[in-house]
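Note: hydrogens, waters and symmetry copies are ignored here, and every other heavy atom, side chains too, is used. First the proteins, then the strands, lettered A, B, ... as listed; each starts at 1.
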Amino acid sequence: MEIIVVLIGGFLLGIPIVAIVALVRSANTRRILDENSYEYRDKISDLTGEIAKLRRELEDIAQRVGQPAPAPSPAPTAATHKVNPAQAPMQTPAQTAAPIEHPTRATIVPLPPFSPSQAPPSAAVPETQVPLKPPTPTPWSGSIDTVVSPQPPRTEPASNVPVVPTSQPVTATKAEARPAAAVQPLPAVPNPQPSAPQPPSPPVQPTPTRFAALQEEPPRKSFAERLRATLPLEEVLGMNLFAKLGIILLVLGFALLGRVALISMGPGARVALIYAAAGVLLGGGIRLEGKERYHLVGRTGIGGGWALLFFTTYAMYHVPQMAIMSSSMLNCVLMLVVAVAMVAHTLRYKSQLVTGLAFLLAFSTVAISQDSVYALSAGVILAIGIVAIALRMRWYELEVFGILASFGNHFYWLYRLYPDGVAGHPFPQFWPSAIILILYWAIFRTSYIARTIQIPRDETISTIAALLNTMLLGLVMKFQSTRPELAFYGILAIGAAEFFCGQLPRTRRRRPAFILLTVMGTILMFASVPFKFSGNNIALFWMIAAEILLIAGIAQLEVVFRRLGLLAGLLTGLLILYESQHIVEFRQNSEALLLQDGILLLTCSIFFYLNSLFIREKWTSLFDTFDGPIATAQGYIGCATAFLGVWGLFTGDWTAVGWSLLMLGAAVAARYLNNKHLIVQASALLVAVTVREAVFNCHLSDLYPHHVALRLITLPLLAAVCYGTAWALSSVNDLRIAPRTVVLWAGTASLVTLAWAELPPMGIACAWLALAVTLALIGRRTSIAEFSYQEHVLIALVAFQLFAVNIYSQSPIERYLPFLACAAALYAISRFCTLKEASYRRPAAWIHTWGATALLAALAWNESPQLWLTAIWALFALALAIVDRIFDVEELPYQAHLLALLAVLRAVTLNLYTQDKWHGVDLQLLTVGTLIAALYAMAVWIRMPKSLRQSEVRHLYTWVASALAAWLLWSELQPISVAVGLAVFGLLLFEFGTWRQQRQIRLQAYVALAAGFARIFFVNLTAATLPGEALSPRIYTVAPIALIYFFVWAQLQSSKTKADIGRWSAADLIAYFGTGSIAALLYFQTPAEWIVFAWAILAVALFAATLLLNQEVFHQQAALLVAAIVGRGLAHNIFGGSYFVDGDWRGNFVVLSLTALLLLAALPIAFRLRKRYADRADLSFLSRYTALKYPEQILFFAPIILISFMIVVKMNPGMVTLSWGIEGVIVIVLGLLASQRSYRITGLLLLLLCVGKIVFRDAWQLDERDRYITFIALGAALTLVSTLYGRYREIVRRLL
Amino acid sequence: MKSVLAMVAILLIAGVALYLAQQRKREDVVSVNAVVDAAADWQRDLTRVPMHLTRISDEQETRIGDQLAKQYASTEPAETAELAAMERYVNDVGARVAAHAKRKLAFRFHLIPNVDLVNAFALPGGHVFIGQGLLDQMTSEDELAFVLGHEIEHIDHYHAVERVQIEAQLNKLNLDIVAAVAEIPISLWQDGYSKDQEFEADREGIRIASAAGYSPQGAVNMLERWTKLRNEYVIHAETPTSELSQLAIQGLTGYFRTHPLPSERLAQANQVIAQDRLPLNRPLKPFHVEYEVTSDER
């Protein structure tokens, strides 16, 4: 409790303290502002003068130069510019070497082109913003290198001026240091007369002028400096606040001294003492106030002295410890005298500080010493004094303080008596207290009415005071209220008084006061009603009062009344809405009729709509600014009250109908009144209708269909009202489009829901479909796009229903019929499902047909056996392609593409792996065969864009079909037959492609042929001959394949042009397939040892074919085959054979010998080929590397290599040398006969090898017999060779 | 017109081929054997080139073979009299066949008493090992003679010693050092040889067994039994996808498969018999009676 007392005391003390501080601070701020204003005014004046002076000087210079005066320069910028030598044409090096950096923030304007005839050099002054000074003699420092800047007349020291060092010494004399040069910041233009060179101008340090100094930014302050500047703590505390606080404390101390301290003193002594103190304070204050240094202290002393004096006077009667006076009247007179004296004296100083301090302390001393209600009369006197001062001096802030102090003092007195409030306690001082409070209010209200306002600030403070006055009166009255039932009368009376004061002629002349008091009075009168009345009566009274005010405001053209009426109506509406929450709560559990509430709410709604629509529309000019939105808000409240009223009157299923009728009414009104807010209200009602309909009228959760009959009535009714609302909202006004759209959707949703709820599940889709079609046609006819949109959504719902419900029906009709009907409808209305001018009509049509196709495809998926679906989809795709071909439906080809793709994917993932039968026939064959046929047909029939058609994209179909056909062959035929089948298939494709001139088909043929070729390596070549087979399956399966390859090659070869000859082509590849097949067949069919011989036959045949057919591809193959013979012979027949050669003449020598002989026998063919191709220039890559021009080399060296190695490995080691010798001789002879140098050299090398072998091996390792035989034989051979060479030396030379 | 006629003719030929092929039993195995076998042949042939250049002497081969055989052959006497009799029996048959080998090596035959070992292998220098499990499959002495002749020919035709040559070259082993020889794993010979070497061993084994007085029908019977067993094991693909999956597996394993298919071996055996006019009608010698009785009792 004590804490609260202390807090309240602190509050009471704090308020005046804060008020005084605020007053002082505001005075200081005002003073500072004034000072700054004066200062800035001076600066602006100076600046104006500087600018005028600069302009004059510039004009003078321009006249001297003989050029037109430059335009006024732009304002100086903060940037520092250097003089750019490049900007000054015709400068001498010496001149350009003296750039000058100006310390000012002058903008350098480029120097105009100089002409010697136009002006003397000295006059060439650059146009800069450098302030031009009158000529000033430059002091000479005595040094030729030093130029002393002219001293600025009134600026910072020279050390602050930056001097830019020159790159070359600048010389100047006193005579040359002319004033003109001193103001020339740029180097002068060279003198056109060489005999009189112009000395370089000394650098000039322009003097920063006041103008420039003003532009300079102040030096950046540190944070501490800025803090000090922002918050001068020492000044605030030491010089200001402490003084005031000190005197306050002094006064209060004396006051307390009177009551508490010096108890032993008598009252008289106390009074005397305190009077003395007051006198000292007052006297000292008066004395000190005259001295400037103690100005503030003096004034506070004066205030404190007067306060103490008043307190002492007051205490002489009211404070028992100091009571020396028995007459209250006398005391009152004395207090009045003191107060008047205090006012009179303090007003001499015209200082609110002094006066405020005096009154503050006076109030404070009264507060701490009062003990009866009559003691508070001192406060009345003080209040009168303050009001008098405020009115006289227009110190309205002081009155605020007075109001606070008066009511605060009174409250403090009450609080000390009744800390918890007076209510419930006997309060004998009620009427005196009430009278004092009313006196306070009357005094301050009189002041408020009587005062004259000169500046807006005073009006603001006055308003605060007026508000405080009434508010504090109410609060304190409330605190001391002993009979709350009388509050109605009290508040009503105060309100009426305030309203009355507001209507006084003097008040009405001051409009803010009139408004304030009228509003306050009205509020109080309105606020008084709930203290006596409750429930609907409040709303009724308020409504009536609001209407009265509104009508009065309109009748008197008084905006205050009008607005008060509107606001009151608004508040009343809000109150009604707040009170109506019980309807909402009631409706949570009951659908009973609420007749009274409904009627009342509808009545209020009528009033609100009258205000919002009728009155506002009739007096439109009166509702231009603030009133319009309030009236609009009332319209919304009217809507809400109507909504609630209908809810009360219409129950159950009819609530939504009632609301929908409201909605319709709002829409119709909006249509005729052109009021957009009604549209908003209709929209809000639509939401309510929709929600109500969804959660109630649909009765979706009812177990027993006792509401079904109502549903059948209300839902169509709601739909009709919605469509009617849409009609009402149909207008060109864009604002109405959205609600109209929503309401149309709501109407359709009602019908959709009704169908969904009432129809059996299997029939819903059909009903929705019918509705969708109807909506589409209506939308098309009425040009209402929403119907089209609804059709789209409905179609989606139909599709969902079909897939969610109908597809699972046990009855085929319930499955087929809805799907087919929906698909048919989609196809049929695809071109009519949107408005004619709709931007999306093409995509919409596409989506419809896509949907129809998807439905049919899905139906097929659901209804057909798994494996047949592929065929059905494929045929469906073909049908779509054909339909598009006939009717030109642009999206159908894409659907056909997709369906074909799906069919292919399905075949790839399912049909290709099945082994099921259908009536004994492979299902794979039937279904995939159908798919293949459809794909080939689609490749012919399907339409494609021109670009795709040109790029042969349609052949994707043929590629896929061919691939599937190849798979079918692979799957259906025996493993060994697959290669033949693929080859035949490739042949047929090739012939068809050739016949139809379709390159892609031919490419497919090549792929099939290549696949057939590869296939033989996986099964045909390793197929074993079964018992009873006369012919190996390898032969009768591979040979036809090879035949096919050669036939295709021949076909291609016959169609080759000259340009194609020698170029690698598919024909060559096919030829390689053919030869490769034969070679592979020989490899696997022939015994391992004889493979080389078989290949040799084939190679010779190929050489012969090359010769006969003149096809170099066979030469390539032959050459490659010879290489293979050599490799095979070496690896297998020579090194890979058995180590034991005894008796195996056939395996070790015959095969290789026959092979070698065969190859050598083909040499004549090779020589003829060499002759044919010797002059051939444009050889292909392979022909070049297979030595097409030198076939005889191939056919010579291959057998020689084989024989030589055969001799080494297979021959008896003792006979190797001899054999090589014989071979060498034969080779040499052959070389001589064939006139081939390479042959002869080979023979010679063989003989040389024999010699070396003899020297390094045979001579040491052979047994005696072999050794001499070898030696002899080799010797003979060498002799023979030598003889031959000697004999045919000339020939050999000629052949070399 | 000519081209049309030619095409018709080709189509007719292809149609006939298709008809003939379709009439065949679906026994053709789809595999990559054609390519894999060809590659393996080439690889075998090419590796024999360096073998010619790094040949070791028979003495060194015998020493190495003895060293290797010590790691595997049991020095302990046979556990039972039956096994001892069986080992003697194998030695007798083997010696009879080995007498017709081209190289004059000291061939020795060892019985491995393991009924789960259905295999035989040869080490360089003349050591031949045969498992008891393989013996259990035989019904005539001629079959044993073919198997032993097959292993003898692996030694006789340097197949076994070539493994030593390759291993020594690859690991840079000094074959004169015993410890170095001990580093060569026995599995090199247990895993078999290349297809061509297997064919050669079959071919020559039949010949020397026949030369030793045994009927080549023993070889035919043995190979037929293995062919039948394999046919029961192999699953023929019915669809392209199963073909593809088998191809993938066979492609990987086929290259590393050592022994040729039994059917191929059987075909070669018949070819050799026909080519050399071997006495196919020679009566088969029954398997060792004591061993048969003993095994039946067990």
The reported gap from CE in Met7(B) to CG in Leu987(A) (rounded to nearest 0.5 angstrom) is 6.0 Å
Heaviest contributor of heavy-atom pairs below 4.5 Å to chain B, chosen from Leu912(A), Thr1022(A), Ile976(A), is Ile976(A)
Item to complete: Can you establish whether the number of heavy atoms outside Gln23(B) located under 6.0 Å from its atom CD is more than 12?
Response: yes
- For Tyr1083(A), does the OH atom have more than 12 heavy-atom neighbours from other residues, nucleotides or ligands under 6.0 Å away? yes
Here the gap from Leu11(B) atom CG to Glu991(A) atom CD, rounded to the nearest 0.5 Å, amounts to 8.5 Å
Those residues of residues 1035-1045 of chain A that come under 4.5 Å of chain B on a heavy-atom basis, listed by number, are Tyr1036(A), Thr1037(A), Pro1040(A), Leu1043(A), Ile1044(A)
Subject >> Gln22(B) side-chain N/O to Gln974(A) backbone N/O, donor-acceptor pair under 3.5 Å >> reply: yes
Around Tyr19(B), counting heavy atoms of other residues, nucleotides and ligands shown, do more than 12 lie under 6.0 Å from its OH?
no
Cut-off 4.5 Å, heavy atoms of chain A, and the answer for Ile10(B) is side chain
So, the part of Gln924(A) with a heavy atom under 4.5 Å from chain B: the answer is neither
So, the part of Phe1084(A) with a heavy atom under 4.5 Å from chain B: the answer is side chain
Heavy-atom closest pair (Ala14(B) atom, Val984(A) atom, distance to 0.1 Å) is CB-CG2, 3.5 Å
Comparing Ala1023(A), Ala983(A), Pro1033(A) against chain B, the one with the most heavy-atom pairs below 4.5 Å turns out to be Pro1033(A)
